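Everything below concerns the one structure shown next.
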Amino acid sequence: EVQLVESGGGLVQAGGSLRLSCAVSGFIFDDYTIAWFRQAPGKEREGVSYIRRTDGSTDYADSMKGRCTISRDNAKNTVYLQMNSLKPEDTAVYFCAASAKILVKLEDYGLAYVYDYWGQGTQVTVSS
């Protein structure tokens, strides 16, 4: 059974930091690109970051560049999202997702529909 389990969310003041974790099981970790998405109330789900299966390359949403780092620990089948300098507008449910697809257009890794498996999400709330 494929499982993606997020953890590490919580309440933090603006300017603070959080590290989210996504623990994966049920498939070969190295064969999947792992991404983080977020969804705020009343808004569409948006891509935050991904780490690609083929070469470990990463990318970030413009809103998060310079403020977060994605990494993966293959020994632990876990992907992390370190978020710093958090803002109230970062408040959302954060989801991790996995895709086995190899895409030609790198920007497509930021699209929700390319991902096959999803976690249940973890709430991040940033107070002002």
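As the structure is a computational prediction, the values presented were derived from the model and not from experiment.
Using a 4.5 Å heavy-atom threshold, the side chains of Val48 and Tyr60 count as separate. The closest side-chain heavy-atom distance from Glu1 to Phe27 is not below 4.5 Å. Leu106 is not listed as a side-chain neighbour of Asp59, based on a closest heavy-atom distance of 4.5 Å or more. When side chains are defined from C-beta on, Val24 does not count as touching Val79, because their heavy atoms never get closer than 4.5 Å. Counting heavy atoms from C-beta outward, Ser71 and Gln82 have side chains that stay 4.5 Å or more apart. Side-chain atoms of Leu103 and Val114, non-hydrogen and from C-beta on, do get closer than 4.5 Å to each other. For the pair Met64 and Met83, the minimum side-chain heavy-atom distance is below 4.5 Å.
A pairwise comparison of heavy atoms in Ser85 and Ser17 identifies N-OG, 4.4 Å as the closest pair. When all heavy atoms are compared, the tightest approach of Ala35 to Tyr50 is CB-CB, 3.8 Å. The heavy-atom pair separating Leu11 from Ser127 by the smallest distance is CD1-CB, 4.3 Å. When all heavy atoms are compared, the tightest approach of Ser128 to Ala14 is CA-CB, 4.4 Å. Contact record, Gly47 with Ala61: O-CB, 3.4 Å, taken as the closest heavy-atom pair. Nearest heavy atoms, Gly9 versus Val124: CA-CG2, 4.1 Å.
When the ring pair (Phe, Tyr, Trp, His ring centres under 6.0 Å) test is applied to Phe29, no partner is found at least two apart in sequence or on another chain. Partners of Val12 by side-chain contact (heavy atoms from CB on, under 4.5 Å), not counting sequence neighbours, listed by chain and number: Leu18, Leu86, Val126. With sequence neighbours left out, the disulfide (SG to SG under 2.5 Å) criterion links Cys68 to no other residue. Every salt bridge (charged side-chain N to carboxylate O under 4.0 Å, His left out) that Lys65 has, sequence neighbours left out, goes to Asp62. Partners of Arg53 under the salt bridge (charged side-chain N to carboxylate O under 4.0 Å, His left out) rule, at least two apart in sequence or in another chain, do not exist in this structure. For Glu89, the salt bridge (charged side-chain N to carboxylate O under 4.0 Å, His left out) test picks out no residue, with sequence neighbours left out. In terms of the side chain to side chain donor-acceptor pair (under 3.5 Å) criterion, residue partners of Ser57 (sequence neighbours excluded) are, by chain and number, Arg52, Asp55.
Between the CZ atom in Arg38 and the OH atom in Tyr94 there is a gap of 4.0 Å [rounded to 0.5 Å]. The distance from atom CZ of Phe37 to atom CZ of Phe95, rounded to the nearest 0.5 Å, is 11.0 Å. The CD1 atom of Ile34 sits 12.5 Å away from the CG atom of Leu81 when rounded to the nearest 0.5 Å.
Each salt bridge (charged side-chain N to carboxylate O under 4.0 Å, His left out) pair with one or both residues in residues 22-31, not counting sequence neighbours, would appear here, but there are none. Among residue pairs with one or both ends in residues 21-66, those qualifying as disulfide bond (SG atoms under 2.5 Å apart) are Cys22-Cys96; sequence neighbours excluded. Under the side chain to side chain donor-acceptor pair (under 3.5 Å) criterion, the residue pairs touching residues 108-117 are Lys101-Asp116, with sequence neighbours excluded. Pairs of residues two or more places apart, or lying in two chains, that qualify as salt bridge (charged side-chain N to carboxylate O under 4.0 Å, His left out) and include a residue from residues 67-78 are Arg67-Asp90. Residue pairs meeting the salt bridge (charged side-chain N to carboxylate O under 4.0 Å, His left out) criterion with at least one partner in residues 118-128, sequence neighbours excluded, do not occur; the list is empty.
Proximity of a side-chain donor or acceptor of Glu6 to a complementary backbone N or O of Leu20 within less than 3.5 Å is not detected. No donor-acceptor distance shorter than 3.5 angstrom exists from the side chain of Thr91 to the backbone of Thr125, with no hydrogens or angles considered.
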Residues Trp36, Ile70; criterion side chain to side chain contact (heavy atoms under 4.5 Å, CB included); working and verdict
CA-CA 9 Å; Trp36 286 95; Ile70 190 170; 3.7 Å; yes
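Test Arg45, Glu46, Glu44 against Gln39 for side-chain hydrogen bond (donor to acceptor under 3.5 Å, both in side chains) and you get one pass: Arg45.
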